[in-house]
Protein chains: 2
Amino acid sequence: MSAHTQHRGELHRAVAARLSEHDQQYTANRRAVVDALVAAGGPITLPELLATDATLAQSSAYRSLATLIESGIVRRLVHVGDHALFELDEHLTEHHHHLICETCGTVVDVTLPDRVERTMDDAFDAVASAAGFAPSHHAVDIYGTCTHCQT
Amino acid sequence: MSAHTQHRGELHRAVAARLSEHDQQYTANRRAVVDALVAAGGPITLPELLATDATLAQSSAYRSLATLIESGIVRRLVHVGDHALFELDEHLTEHHHHLICETCGTVVDVTLPDRVERTMDDAFDAVASAAGFAPSHHAVDIYGTCTHCQT
DNA sequence: TTGCTTGCAAATGATTTGCACTGCT
DNA sequence: AGCAGTGCAAATCATTTGCAAGCAA
């Protein structure tokens, strides 16, 4: 079980280690991207990421994200709007799912009880095997309307 | 529980009714798009859709899909590759989830036991309410490797 | 030096849209 | 006639990439 990285320093060490495993360096740019994601505390778009660090070039941010994704440090989420969402991989945070507001597009992290996760995993393993798939992980999106968007 | 539309004619009638509710007509183009989706039996990309009917113009297919999506007849799935995936809405088929091959991008429909769906719904309602969300529906993606892509 | 990283500007490519035309109603 | 739907070609816009310069081993 991968550590839920609690401290900033610990997280950066974990990121550096993972990059190194993939023969990648932990450059200032990549660290800036990771910092922005940590600060955000949830999925953010590229424009949002750039807004937190005006020195970052757009193309470099995309390139850093690509590297971080390949090394399993960042996860890219399905579009809710026109921009992709980026968040730290679960190895660095914890297993969670997403609550998505169908009106404003806000995405919030949620965790489910272990009991439910176990029930789901068992069921997913069963249906995946039945279809000849070797399952690796799952993602749950719960759609609805957030407080702010309810009339 | 909305009817699982079994017969082609019944489905077309349901589509026509839904379009009509939204003050839209069931034109030849839109019917062609629906036919292609029915024939596919699962999520397909726009190029795949066009391949099944050479007379369909790309822009018209996109426009028909947009109309069908607005009327709740078609669902657009999150990108697995560069193309979006389109499938018939669950009102016209049945509640299901997706098995996604991380190697080749193939997407297969799967259904879960009612017991599991109930467990999930209860849990989702609970976490959504806790976050102030009014949940409407959910989507589960199970990632893994398909038979064909396993070494 | 040698190779990875970066910024800028230009390219790419899925999706959207302007416009003129066709076909319902 | 009047308006929705369609095809073509052109526009959009997030994301990617070529290239020249900066930096680390």
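Numbers restart at 1 for each chain; the letters A, B, ... are given by sequence-line order, proteins then strands.
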Give, for atom OH of A:Tyr62 and atom OG1 of A:Thr67, the distance between the pair rounded to the nearest 0.5 Å.
14.5 Å
Rounded to the nearest angstrom, tell me the gap between atom CD in B:Gln58 and atom P in C:dG13.
13 Å
How many whole angstroms separate atom NE2 of B:His83 from atom P of C:dT16?
13 Å
Does the side chain of A:His148 reach to within under 4.5 Å of the side chain of A:Cys104, using non-hydrogen atoms?
no
What's touching nucleotides 18-22 of chain C from the protein side, N or O pairs under 3.5 Å?
{"from": "C:dG18", "atom 1": "O6", "to": "B:Arg63", "atom 2": "NH2", "distance (Å)": "3.0"}

Counting C-beta onward and ignoring hydrogens, is there a side-chain heavy-atom pair between A:Asp35 and A:Asp53 closer than 4.5 Å?
no
Compute whether any side-chain donor of one residue and acceptor of the other, for A:Glu102 and A:Thr145, lie under 3.5 angstrom apart.
no
Under 3.5 Å, which N/O atoms of the protein pair with N/O atoms of nucleotides 1-4 of chain C?
{"from": "C:dC4", "atom 1": "O3'", "to": "A:Gln25", "atom 2": "OE1", "distance (Å)": "3.3"}

Nearest whole Å is fine: how far is C:dT15 P from B:Glu48 CD?
12 Å
So, is A:Thr27 near the phosphate of C:dT6, with a side-chain N or O under 4.0 Å from OP1 or OP2?
yes
Whole-Å distance between C:dC8 P and A:Leu56 CG?
11 Å
Protein-nucleotide distance (B:Leu85, atom CG; C:dT15, atom P), rounded to Å
10 Å
First and last nucleotide of DNA chain D touching chain B, 5' to 3', heavy-atom cut-off 4.0 Å?
D:dA4 to D:dA9
In this structure, how many angstroms lie between the P atom of C:dC8 and the CG atom of A:Asn29, rounded?
11 Å
Answer with base, sugar-phosphate or nothing: what part of the nucleic acid does A:Ala84 contact at a heavy-atom distance below 4.0 Å?
sugar-phosphate
Can you check whether B:Tyr62 has a side-chain N or O nearer than 4.0 Å to OP1 or OP2 of C:dT16?
no
Parallel, tilted or perpendicular, judged at 30° and 60°: which one describes the rings of A:His137 and B:Tyr143?
parallel
Where do A:Leu37 and A:Ile44 land on the side chain to side chain contact (heavy atoms under 4.5 Å, CB included) test, with the steps shown first?
CA-CA 7 Å; A:Leu37 293 176; A:Ile44 56 173; 3.7 Å; yes
Cation-pi check for B:Phe86 against B:Arg75: NZ or CZ below 6.0 Å from the six-membered ring centre and within 45 degrees of the axis, yes or no?
no
Nearest 0.5 angstrom please: B:Asp109 CG to B:Thr93 OG1, how far?
7.5 Å
With rounding to the nearest 0.5 angstrom, report the CZ to CD distance, B:Phe133 to A:Gln150.
8.5 Å
Measuring from A:Asn29:CG to A:Thr55:OG1, what's the distance to the nearest 0.5 Å?
7.0 Å
Determine the interplanar angle of the B:His138 and B:His97 rings, folded into 0 to 90°, and report it as parallel if under 30°, tilted if 30 to 60°, perpendicular if over 60°.
parallel
